[in-house]
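Just so it is clear, the model here is predicted, and its values are computed rather than measured.
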Amino acid sequence: MGKNGYICNCSPAGAFPSDNLRNNKKMNRQTTHVSKRVVLPILFILAGFQLIQAQNGVVSEYFKNPQLMVKYADSCARFWTKVHDPEYDGFYVEVGRQGNVLDNNKKSIVCESRDAYGFSRVFMLTGNRIYLDMAASAIRFMRDHLYDTQYGGWFTRCDRTGNNPYTGSKTAFDHHYALLGLMANYEATGDTAVLHLLQKGYQFDESRFWDADSLHYGYYTTVNRDGSNGTGKSFNATVDAVTTHLYNLYLITGDEKYAKRLTLMAQNMLDYLYGNMASQVIGFPEDFNTSWVINAGDKRTIMGHVLKTGWCLARIYKIDPRPEYLQASKQLVDHVLEKGYDHVNGGPYKDYDRTTGAMMMYGAYDKAKAWWQVEQAITSGLLLFEITEDGKYLKMADESLDFFMHYFVDAQYGEVFADRSETGGRVYYSGGYWDENKGSESKAAYHSIETAYYSYMYGNLIVNNQPFTLNYYYTPMDSVRVVRMNPLAVDFEHFKISSVTLDGSAYTNFDPDSRLLTIPAQTGGLYAVTYKSTKTYVAGLTEVPAANASLKLDVSPNPVVDLASFRMYLPQAGAVSLSICDLNGMIIYQVNSKFSTAGNHTMEWNAATCPRGLYIIRLVSGNQVLTAKMVVSK
């Protein structure tokens with residue numbers, strides 16, 4: 001129930017309330033609690049796949065209307081402006097739920113770069129140049145305080161003013177992510193000073209982290225401060241190189257050195273990540289010695305990393321269509337769908353012991369999901385659907401985005417929570433609840449905004465078969481520039497520029513088929529570039545049942561004070577009935593449907609007017625019957 005008793009489905013908690021993103025599914029049917037049996041039609045109450053759907057059958061409001069992702073991204077950017085340091089530049093690291101700074105004397109290379117990425121991408125989505133100013137502040141701090149002028153490379157962290165940097169060993173994780181924000185900002189602006197800083201960082205990666213051994217090539221996990229004594233290989237040293245800079249640098253520059261490195265990264269993934277999956281109960285090993293021997297002591301496998309590897313192999317496949325890349329990509333994602341995915345509520349679970357298959361709970365009583373891992377289900381699902389048009393991948397992306405926007409997004413204060421329980425609530429453990437802080441050395445303005453960026457583009461292009469627009473700001477230069485416009489992995493043969501404006505006026509100096517934008521000397525301004533695909537994507541969603549699929553029902557929250565959410569998984573299509581009974585057996589509510597599709601469905605019910613006590617929920621689908629207890633607490 002929504003306000004005033006209106007029946008509504010789960011309204012997407014997309015951003016700040018002023019963005020008017022909530023209550024998108026409200027209906028004009030008013031009900032009140034009654035003590036006698038009431039039968040209500042289930043039409044549009046069970047969410048899932050009974051809702052009005054976009055062309056490819058999606059459920060998420062944000063795929064039906066991808067422009068909502070722009071509003072959501074803007075709300076995330078506004079949240080991160082709260083932790084900007086106007087006196088010394090850059091952004092604080094430790095941030096509370098409301099955007100309050102928890103530690104005013106720490107900044108880090110990963111967070112500054114991720115913030116630069118987030119602001120650059122939100123500028124590209126909105127055209128608001130304030131966000132370019134924010135990105136520039138992060139990049140200045142990186143350049144002036146976090147670059148190691150003595151040995152090259154980057155310091156991990158320093159204090160607020162840029163002093164007292166950490167001078168210990170350097171990691172591939174830090175150094176790959178240092179290039180993330182520079183790459184995105186260069187794509188948005190063509191700023192040659194940013195490109196110069198990016199190339200300095202890239203050269204350190206290639207000269208110090210790269211192990212050129214013909215048998216054991218790959219990026220070292222760690223080097224000394226001066227770049228000597230490289231040791232270890234790992235998931236992060238390998239796959240993060242693709243996502244942070246290598247792939248997009250190839251798309252926007254066309255430089256073959258990036259393509260060659262991507263080929264070697266793909267082989268590392270095939271040989272040591274995907275290649276070791278068959279010998280594990282779930283997932284793959286993620287940590288190795290310098291010769292790629294598995295670290296037996298590290299048993300954790302992360303579902304988001306399995307999905308991310310699949311996404312990266314699919315991206316590389318788009319520029320180098322080797323069948324083994326696509327085969328491995330699909331098998332990696334299918335593996336998560338089979339062993340590490342929530343088919344009732346949507347989204348992947350967090351971490352497992354790869355040798356036993358047991359979920360790692362970290363002291364929690366609830367199964368948990370992480371914001372960035374759910375993003376990997378969205379992005380990998382979208383790209384595999386683009387390549388294969390297999391609806392199961394779109395379904396994974398769709399229900400993961402629906403879960404992400406409904407439960408991870410903090411509609412009260414903005415941005416997203418780091419963790420949610422299986423059904424979308426806070427994660428409970430013996431000491432209370434996991435915290436709901438928004439910023440740390442592992443969380444900044446990256447994954448939340450990247451989710452919006454790719455969902456907006458793919459949502460328009462392949463879900464709705466409609467164009468999308470991105471913004472770029474180029475300052476005038478003395479020479480002519482020809483800019484490659486390739487914002488995402490897609491069917492490049494059918495991917496075109498349909499129109500361009502410069503400061504709001506039509507601009508015609510571009511090649512639509514090769515996606516080249518020509519900028520004459522002494523010309524600059526805000527370019528709005530609209531992209532389209534001449535290919536039509538028509539496949540619908542495909543049901544992906546869990547192993548030994550059975551009827552499932554979850555009530556959340558429980559106990560409930562006012563609004564309860566019933567999330568159901570129907571293993572097969574057919575008639576469905578859901579009843580709410582008191583302990584005397586009286587049915588106080590019942591909903592029936594002559595036909596409901598298989599898959600995930602949601603119903604919301606207002607218990608505010610019900611007496612406190614215990615109630616029985618009875619769900620019937622086909623020949624399966626399931627009951628659950630619900631406590632109404634006042």
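- At least one side-chain heavy atom of K443 sits under 4.5 Å from a side-chain heavy atom of V416.
- Rounding to the nearest 0.5 angstrom, the gap separating the OG atom in S120 from the CG atom in L125 is 11.0 Å.
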**Request:** Evaluate the criterion side-chain hydrogen bond (donor to acceptor under 3.5 Å, both in side chains) for residue pair S169 and T222; output intermediate values, then yes/no.
**Result:** CA-CA 7 Å; S169 60; T222 306; 5.5 Å; no
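- Using modelled atom types, no side-chain atom of D226 and backbone atom of Y151 make a donor-acceptor pair closer than 3.5 Å.
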**Asked** Run the ring-ring contact (aromatic ring centres under 6.0 Å, His included) check on H176 and Y219 step by step: do they pass?
**Response** CA-CA 10 Å; H176 290 335; Y219 289 107; 4.9 Å; yes
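- Side chain of S137 to main chain of D133: no donor-acceptor pair is present (N/O by atom type, distance under 3.5 Å, no hydrogens or angles).
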**Asked** Could you walk me through whether T161 and N163 pass the side-chain hydrogen bond (donor to acceptor under 3.5 Å, both in side chains) check?
**Response** CA-CA 6 Å; T161 65; N163 293 314; 2.9 Å; yes
**Message:** side-chain hydrogen bond (donor to acceptor under 3.5 Å, both in side chains) for R160 and Y92? Distances and angles first, verdict last.
**Reply:** CA-CA 8 Å; R160 177 194 177 191; Y92 296 107; 3.0 Å; yes
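- Remark: side-chain polar atoms of S113 are paired, donor with acceptor, to backbone N or O of G181 under 3.5 angstrom.
- Side-chain contact check for F408 versus K369: some heavy-atom pair is nearer than 4.5 Å.
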**Item:** Trace of the ring-ring contact (aromatic ring centres under 6.0 Å, His included) decision for F204 with Y147
**Value:** CA-CA 11 Å; F204 188 88; Y147 190 80; 7.9 Å; no
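- Rounding to the nearest 0.5 angstrom, the gap separating the NZ atom in K308 from the CD1 atom in I302 is 10.0 Å.
- H447 places none of its side-chain heavy atoms less than 4.5 Å from the side chain of V374.
- Y72 contributes a side-chain N or O that, together with a main-chain N or O of S448, makes up a donor-acceptor pair within less than 3.5 Å.
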**Prompt:** What do the steps show when you test L332 against L273 for side-chain contact (heavy atoms from CB on, under 4.5 Å), and what is the final call?
**Reply:** CA-CA 10 Å; L332 285 158; L273 303 179; over 6 Å; no
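- A distance of 7.5 Å separates CD1 in I497 from CG in L516, rounded to the nearest 0.5 Å.
- For the pair K532 and F495, the NZ or CZ position fails the cation-pi test of under 6.0 Å to the six-membered ring centre and within 45 degrees of the ring normal.
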**Request:** Start with the C-alpha gap between K535 and E493, add the side-chain angles, then the distance that decides, and say whether salt bridge (Lys or Arg N to Asp or Glu O under 4.0 Å) holds.
**Result:** CA-CA 9 Å; K535 180 178 179 179; E493 180 181 354; over 6 Å; no
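- Classified by interplanar angle (parallel below 30°, tilted 30° to 60°, perpendicular above 60°), the ring pair Y272/W292 is parallel.
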**Message:** Quick one, E187 with R121, criterion salt bridge (Lys or Arg N to Asp or Glu O under 4.0 Å). Give me CA distance, side-chain angles, the key distance, then yes/no.
**Reply:** CA-CA 9 Å; E187 182 175 5; R121 290 306 194 210; 2.9 Å; yes
**Request:** Take Y456 and T469 through the test side-chain contact (heavy atoms from CB on, under 4.5 Å) and record every step on the way to the result.
**Result:** CA-CA 10 Å; Y456 166 74; T469 300; 4.2 Å; yes
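- For K260, the NZ atom sits in a loose shell: 12 or fewer heavy atoms of surrounding residues, nucleotides or ligands are nearer than 6.0 Å.
- The aromatic rings of Y458 and Y454 sit parallel to each other, their planes meeting at less than 30°, with 60° as the upper class boundary.
- Q466 and P66 get closest at one heavy-atom pair: NE2-CD, 4.2 Å.
- With a 6.0 Å radius and a threshold of 12 heavy atoms from other residues, nucleotides or ligands, H494 has its NE2 atom above the threshold.
- Here the straight-line distance linking atom CG of N236 with atom NE2 of H305 works out to 5.0 Å at 0.5 Å rounding.
- Between Y258 and Y202, the gap from one ring centroid to the other is short of 6.0 Å.
- With rounding to the nearest 0.5 Å, the separation of OG1 in T534 from CG in N465 is 11.0 Å.
- Considering only heavy atoms from C-beta on, V58 stays 4.5 Å or farther from L401 through its side chain.
- One N or O on the side chain of E386 and one on the backbone of D491 form a donor-acceptor pair closer than 3.5 Å.
- Taking the six-membered ring for Trp and the full ring otherwise, the centers of Y177 and F173 sit less than 6.0 Å from each other.
- Counting heavy atoms from C-beta outward, L251 and I319 have side chains that approach closer than 4.5 Å.
- What you find for G90 and H84 is that their closest heavy atoms are O-CD2, 3.3 Å.
- Side-chain contact between Y88 and H145 is absent, with no heavy atoms from C-beta onward closer than 4.5 Å.
- Between F79 and R97, the shortest heavy-atom distance links the atoms CE1-O, 3.4 Å.
- Pairing each heavy atom of L262 with each of V242, the nearest pair is CD2-CG1, 3.9 Å.
- A centroid separation of less than 6.0 Å is found between the aromatic rings of Y507 and Y527.
- Taking both residues in full, the closest heavy atoms of S440 and E94 are given as CA-OE1, 3.8 Å, listed atom of the first, atom of the second, then distance.
- Taking the ring centre of Y531 as origin, the terminal cationic atom of K496 falls outside the region bounded by 6.0 Å and 45° from the ring axis.
- For R484, the CZ atom counts as densely surrounded, since its 6.0 Å shell holds more than 12 non-hydrogen atoms of other residues, nucleotides or ligands.
- Between the side chain of H175 and the backbone N or O of W154 there is at least one donor-acceptor pair closer than 3.5 Å.
- Minimum interatomic distance between G127 and L526 (heavy atoms only, all atoms of both residues): O-CD2, 4.2 Å.
- For Y247 and W311, the ring centers are positioned 6.0 Å apart or more.
- Between the side chain of T244 and the main chain of D240, a donor-acceptor pair closer than 3.5 Å is present.
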**Asked** Can you list the steps and then say if M457 with V490 is a side-chain contact (heavy atoms from CB on, under 4.5 Å)?
**Response** CA-CA 10 Å; M457 292 190 291; V490 74; over 6 Å; no
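- Using a distance-only test at 3.5 Å, with no hydrogens or angles considered, no donor-acceptor pair links the side chain of K330 to the main chain of T388.
- You'll find the ring centres of Y274 and F284 outside the 6.0 Å limit.
- A 4.5 Å side-chain heavy-atom check between K257 and E206 finds every atom pair outside the cut-off.
- Side-chain atoms of K107 do not come within 3.5 Å of backbone N or O of L146 as any donor-acceptor pair.
- To the nearest 0.5 angstrom, T475 atom OG1 is 6.5 Å from D191 atom CG.
- No side-chain donor-acceptor contact under 3.5 Å links D174 to the backbone of F155.
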**Message:** What verdict does the side-chain hydrogen bond (donor to acceptor under 3.5 Å, both in side chains) test give for T231 and T290, after you've listed the backbone C-alpha separation in whole Å, the side-chain angles of each residue and the deciding distance to 0.1 Å?
**Reply:** CA-CA 5 Å; T231 58; T290 304; 5.4 Å; no
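- Two residues are said to be in side-chain contact when any heavy atoms from C-beta on lie closer than 4.5 Å; M124 and L470 meet this criterion.
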